[in-house]
Trainee: 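Pasting a structure here, questions to come.
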2 protein chains.
Amino acid sequence: MPVSPPSLDSFDLAILAILQRDNTTPQRLIGEAVNLSAPAVQRRIKRMEQTGVIAGNVAVIEPAAVGQPITIFVEVELESERAELIDAAKRQFSATPEVQQCYYVTGEADFILVITVADMGAYEALTRKLFFDSNNVRKFRTFVAMDRVKVGLTVPLPG
Amino acid sequence: MPVSPPSLDSFDLAILAILQRDNTTPQRLIGEAVNLSAPAVQRRIKRMEQTGVIAGNVAVIEPAAVGQPITIFVEVELESERAELIDAAKRQFSATPEVQQCYYVTGEADFILVITVADMGAYEALTRKLFFDSNNVRKFRTFVAMDRVKVGLTVPLPG
DNA sequence: ATCCCTGGCGAAACAAACTTGCATTTGGGA
DNA sequence: TCCCAAATGCAAGTTTGTTTCGCCAGGGAT
């Protein structure tokens with residue numbers, strides 16, 4: 001929830017570059033890296049958290065280690081694009097834990113989903129629940145990930 | 001870098017569920033939530049970090065706040081699928097900062113990319129660099145995200 | 001030009017969380 | 001039953017993060 005129009009200077013960007021790689025970095029070290037005192041770093045981080053520049057602080061879990069070794073992409077095309085039905089789909093996808101990411105897109109598809117499952121049986125069950133039972137899905141295309149070459153939420157930062 | 005075959009019990013899973021939502025949660029509170037002492041929580045976290053169950057701890061940055069408001073999906077199809085050329089593509093995509101995520105997939109495409117850019121001009125320049133100059137890209141399909149409905153790396157946890 | 005006010009910074013005191021060592025308990029196997 | 005290994009809880013020590021304070025620079029009004 002953004003609070004005010006943030007304007008980031010090069011200090012903020014340098015701090016973000018460190019935090020999006022490892023947010024357990026001590027503020028003292030961040031300060032040394034960007035030439036600022038630790039309290040100044042702390043103030044900037046707090047402000048960026050309040051203004052929503054920093055959306056969250058999370059641990060990244062290896063899916064394979066918790067029994068979800070398969071990552072699948074799905075392009076979903078709806079029958080009807082009525083706003084009401086779009087919203088219903090958004091809500092359903094958001095509420096499904098196996099749906100790790102969901103984007104509403106332009107182009108030949110309406111949604112793109114990133115799904116994490118234990119095995120293909122689980123995926124098959126999920127497709128039935130999400131797509132066949134929906135009555136508003138015209139078709140969907142499945143891409144199974146053989147290699148998670150690059151994974152993350154890292155954003156390129158200017159400077 | 002996994003060290004040993006990890007086996008997670010329900011305590012570990014409960015801890016992970018908390019950390020992948022907010023890894024700044026004090027260990028004392030985690031302990032209260034899962035009925036364990038703070039040091040026990042700390043030991044388990046450390047072990048999961050060493051065994052690679054926890055792949056990292058990162059701050060999530062709002063792309064729009066740092067001048068990268070556009071998210072784009074790209075399906076890439078190569079001319080040749082020789083292993084050597086596949087590897088070259090993996091390396092190039094990995095090394096490109098705008099490529100936030102890259103997966104090597106089965107199906108009608110070879111790669112799926114998640115790209116973050118400032119504007120469509122930047123995307124156009126990137127396509128030229130990544131695809132047209134490559135001489136190994138048969139075609140690619142672009143999907144521009146209108147709504148990032150659900151974003152994250154959260155993994156569904158049993159229990 | 002001076003005064004005042006606002007915002008940011010650095011230094012130090014303070015509080016909280018993290019880490020470590022040790023005794024105890026629990027569970028399995030001989 | 002006895003013993004050993006692993007994990008837990010407790011308590012102390014250490015690091016980290018947080019707050020408070022005073023200082024300095026920039027802007028606007030008098």
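No experiment lies behind these values; they were computed from the predicted model shown.
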Trainee: Measure from CD on B:Gln42 to C1' on C:dA17 and round the result to the nearest Å.
Mentor: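 Distance, rounded to whole Å: 10 Å.
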
Trainee: Considering only C:dG10, C:dG21, D:dG17, which nucleotide approaches the side chain of B:Arg43 most closely?
Mentor: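 Nucleotide nearest to B:Arg43's side chain: C:dG21.
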
Trainee: Could you state the atom-to-atom distance from CG of B:Leu19 to P of C:dA17 in whole Å?
Mentor: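 It works out to 15 Å between those atoms.
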
Trainee: Rounded to whole angstrom units, what separation is found between the CD1 atom of A:Ile45 and the P atom of D:dG17?
Mentor: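 Those two atoms, CD1 and P, are 8 Å apart.
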
Trainee: Indicate, with a heavy-atom threshold strictly under 4.0 Å, whether B:Pro39 touches base, sugar-phosphate, or nothing.
Mentor: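 Base, at least one base atom sits under 4.0 Å.
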
Trainee: Salt bridge or not for A:Glu62 and A:Arg148, using N-O below 4.0 Å?
Mentor: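 Yes, A:Glu62 and A:Arg148 are salt-bridged.
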
Trainee: In whole angstroms, how far is the C1' atom of C:dG8 from the CZ atom of A:Arg47?
Mentor: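 Distance check: A:Arg47 CZ to C:dG8 C1' gives 10 Å.
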
Trainee: Closest approach to the side chain of B:Gln27, judged atom by atom: which nucleotide of D:dG17, C:dT19, C:dA12 is it?
Mentor: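 Of all the options, the side chain of B:Gln27 is nearest to C:dT19.
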
Trainee: Name the nucleic acid region contacted by B:Arg28, choosing base, sugar-phosphate or nothing; use a 4.0 angstrom heavy-atom cut-off, strictly under.
Mentor: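 It contacts sugar-phosphate atoms only.
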
Trainee: Side chain of A:Arg44, base of C:dG8: donor and acceptor closer than 3.5 Å?
Mentor: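 Not at all, since no donor on one side and acceptor on the other fall under 3.5 Å apart.
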
Trainee: Using whole Å, what does the distance between atom C1' of nucleotide D:dG17 and atom CG of A:Leu36 come to?
Mentor: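 Answer to the nearest Å: 16 Å.
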
Trainee: Using 0.5 Å steps for rounding, measure from the CG atom of B:Leu113 to the OG1 atom of B:Thr142.
Mentor: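 If I round to the nearest 0.5 Å, the distance is 10.0 Å.
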
Trainee: How close or far is atom C1' of C:dG8 from atom NZ of A:Lys46, stated in whole angstroms?
Mentor: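 Taking atom C1' of C:dG8 as the reference, NZ of A:Lys46 is at 15 Å.
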
Trainee: Using 0.5 Å steps for rounding, measure from the CZ atom of A:Arg138 to the OG atom of A:Ser134.
Mentor: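 It comes to 12.0 Å.
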
Trainee: Let me know the distance between CG of A:Asn57 and C1' of D:dG17, rounded to the nearest Å.
Mentor: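 Answer to the nearest Å: 14 Å.
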
Trainee: Quick one: pull up OH in B:Tyr123 and CD1 in B:Ile72 and give me the separation to the nearest 0.5 Å.
Mentor: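 B:Tyr123 atom OH to B:Ile72 atom CD1 measures 5.0 Å (nearest 0.5 Å).
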
Trainee: Nearest whole Å is fine: how far is C:dA17 C1' from B:Asn23 CG?
Mentor: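 It is 14 Å, rounded to the nearest whole Å.
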
